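A quick write-up on the structure given underneath.
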Amino acid sequence: LNNGLALTPPMGWLSWERFRCNTDCEKDPDNCISEKLFRQMADHMEADGYKDVGYEYINIDDCWMAKERDEKGRLQADPKRFPNGIKKLADYVHNKGLKLGIYEDFGTKTCGGYPGSEFFLNIDAQSFAEWEIDLLKLDGCNADTSDMSTGYPLMGFFLNLTGRPFLYSCSWPAYVSKPNYTAIAKSCNIWRNYKDVQDSWDSVAGIIKFYGDNKQKFADVAGPGHFNDPDMLIVGDFGLSEDQQRVQMGMWAIMTAPLIMSVDLRNVKPFAKELLTNRRVIAVNQDPMGIQGKRIWQVENVDYWMKEIQPTGSYAFAFVNFNTNGVPQKLNFTLKYLQFTDPAGYNITETFTGKFLGIYKITALFSTSVNPTGIFMATAVPLSVYGR
Ligand SMILES: OC[C@@H]1[C@H](O)[C@H](O)[C@@H](O)CN1C(=S)Nc1ccc(F)cc1
């Protein structure tokens with residue numbers, strides 16, 4: 001969507017994967033979907049260095065609403081869980097230099113059963129503008145999918161009509177069988193096109209496979225202002241090993257995906273915090289060209305991916321080992337086989353550590369080893385960039 005937003009993949013936090021639809025603030029006051037939770041996440045985004053490396057949006061997902069609209073048909077936050085209302089929460093978040101996102105659904109009800117937006121698009125857009133919201137995630141549960149090609153652009157129109165800029169996140173392609181990505185990219189800044197991420201390696205591996213298969217060539221549609229969204233980062237949660245967390249962080253960088261954490265920022269393990277704020281990995285994700293990386297080949301359950309980055313002729317590249325045979329996989333390839341072409345050679349640096357690995361001619365053999373369900377990731381900058 002050409003609204004000046006999401007020129008690089010948005011970065012932030014979203015409640016859903018880690019906090020779901022927990023509305024029991026009596027029994028579980030620290031983890032229920034409430035204004036307190038989002039204020040605490042905003043506090044940690046700022047205080048713990050996430051904002052410093054680019055994380056910007058605090059996003060409310062499903063289950064924030066009261067069960068009924070008010071007498072004027074307007075949405076209202078659950079009065080017990082959001083006693084001060086959404087506008088006050090937006091003020092709080094804005095005072096920290098962050099932005100606030102909210103959730104609705106193009107359907108009669110949200111996935112969680114709360115009031116849907118389908119027949120209230122304009123009035124809801126107006127509410128979100130009054131509340132000074134900065135991002136809308138519009139989900140697609142409980143809707144006639146044949147209405148979506150009208151409904152999603154129409155909500156974009158109403159958001160635009162308010163005069164307030166909104167980063168528009170659409171779940172539209174995740175709900176239709178043959179998405180028209182050109183139409184979607186015209187109306188949306190980011191769009192979910194696959195299953196919800198769950199807190200497991202299988203879920204993350206499945207999403208990487210879907211993106212590697214790249215059916216209907218959705219990778220080619222990505223660019224500044226319009227990105228494919230493979231769903232939230234679950235780095236720091238419960239289901240992934242350290243290697244697997246590195247896989248998700250590295251691959252979301254190569255896939256040029258929104259970096260939207262869903263983790264309890266009040267207690268993130270040092271390893272996960274390091275990874276989530278790794279400036280070299282974030283730089284690959286935030287490369288100004290906004291090109292989405294692609295899977296180049298698969299050999300014995302190892303994926304090889306590469307993403308064009310600046311300076312011109314440079315690449316971020318990765319090997320992901322999907323084997324679970326418990327043995328680190330040794331890999332030996334010429335850079336030629338990795339599709340590097342500059343005869344002057346390349347400066348190769350490992351991404352997670354920043355370790356300089358050497359200067360390689362394209363006929364040279366590049367050797368590394370990748371742990372099971374692990375990743376090797378590096379950047380290759382052609383020597384010609386240094387004027388040699
Ligand atoms: O309720 C909202 C929740 C989150 O927003 C996800 O990111 C969205 O993809 C949708 N969503 C859920 S659980 N959707 C859903 C997932 C499974 C299902 F059988 C019916 C609906």
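Any value given below was found using the heavy atoms of this structure, including those in side chains, with hydrogens, waters and symmetry copies removed. Each ligand, and each atom within it, is numbered from 1 in the order the structure gives. Remember, it's a predicted structure, so these values are computed and weren't measured experimentally. Along the sequence shown, residues are numbered consecutively beginning with 1.
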**OP:** Around atom 7 (O) of ligand 1, find the nearest protein heavy atom and jot down its residue, atom name and distance.
**Re:** Lys137 NZ, 2.8 Å
Subject >> Step-by-step salt bridge (Lys or Arg N to Asp or Glu O under 4.0 Å) determination, Asp62 to Lys109 >> reply: CA-CA 11 Å; Asp62 205 346; Lys109 287 186 176 305; over 6 Å; no
**OP:** Taking only Lys NZ, Arg NE, NH1 and NH2, and the carboxylate oxygens of Asp or Glu, determine whether Asp78 and Lys67 approach each other closer than 4.0 Å.
**Re:** no
Subject >> Between Gln286 and Thr8: side-chain donor-acceptor atoms closer than 3.5 Å >> reply: yes
Subject >> Row check, Phe317 ring normal vs Lys307 NZ/CZ: under 6.0 Å, within 45° >> reply: no
**OP:** Run the ring-centre check on Trp305 versus Tyr211 and record whether the distance is less than 6.0 Å.
**Re:** no
Original post:
So which protein heavy atom does atom 9 (O) of ligand 1 come closest to, and at what separation?
Top reply: Asp196 OD1, 2.5 Å
Original post:
Are Arg20 and ligand 1 in contact, using a heavy-atom cut-off of under 4.0 Å?
Top reply: no
**OP:** Please confirm whether Arg192 comes under 4.0 Å of ligand 1, counting heavy atoms of the residue only.
**Re:** yes
**OP:** Say whether Tyr175, considering both its backbone and side-chain N or O atoms, lies within less than 3.5 Å of an N or O atom on ligand 1.
**Re:** no
**OP:** Over 60° means perpendicular and under 30° means parallel, so classify the ring planes of Phe218 and Tyr181, tilted if in between.
**Re:** tilted
Subject >> Lys209 with Asp213: basic N within carboxylate O range, under 4.0 Å >> reply: yes
Original post:
Does some non-hydrogen atom of the protein lie less than 4.0 angstrom from atom 11 (N) of ligand 1?
Top reply: yes
Original post:
Would you say Trp16 and ligand 1 have an N/O pair spaced under 3.5 Å apart?
Top reply: no
**OP:** May I ask you to identify the nearest protein heavy atom to atom 21 (C) of ligand 1, giving residue, atom name and distance to one decimal place in Å?
**Re:** Cys141 SG, 3.6 Å
Original post:
Does an N or O anywhere in Asp62 fall below 3.5 Å from an N or O of ligand 1?
Top reply: yes
Subject >> Heavy-atom neighbours of Phe157 CZ exceed 12 at 6.0 Å >> reply: no
Original post:
Which of the atoms in ligand 1, numbered in the order shown and given with their element, are less than 4.0 Å from a heavy-atom of Asp61?
Top reply: 2 (C), 4 (C), 5 (O)
Subject >> Side chain, backbone, both or neither: the part of Asp139 lying under 4.0 Å from ligand 1 by heavy atom >> reply: side chain
Subject >> Test item: protein heavy atom less than 4.0 Å from atom 17 (C) of ligand 1 >> reply: no
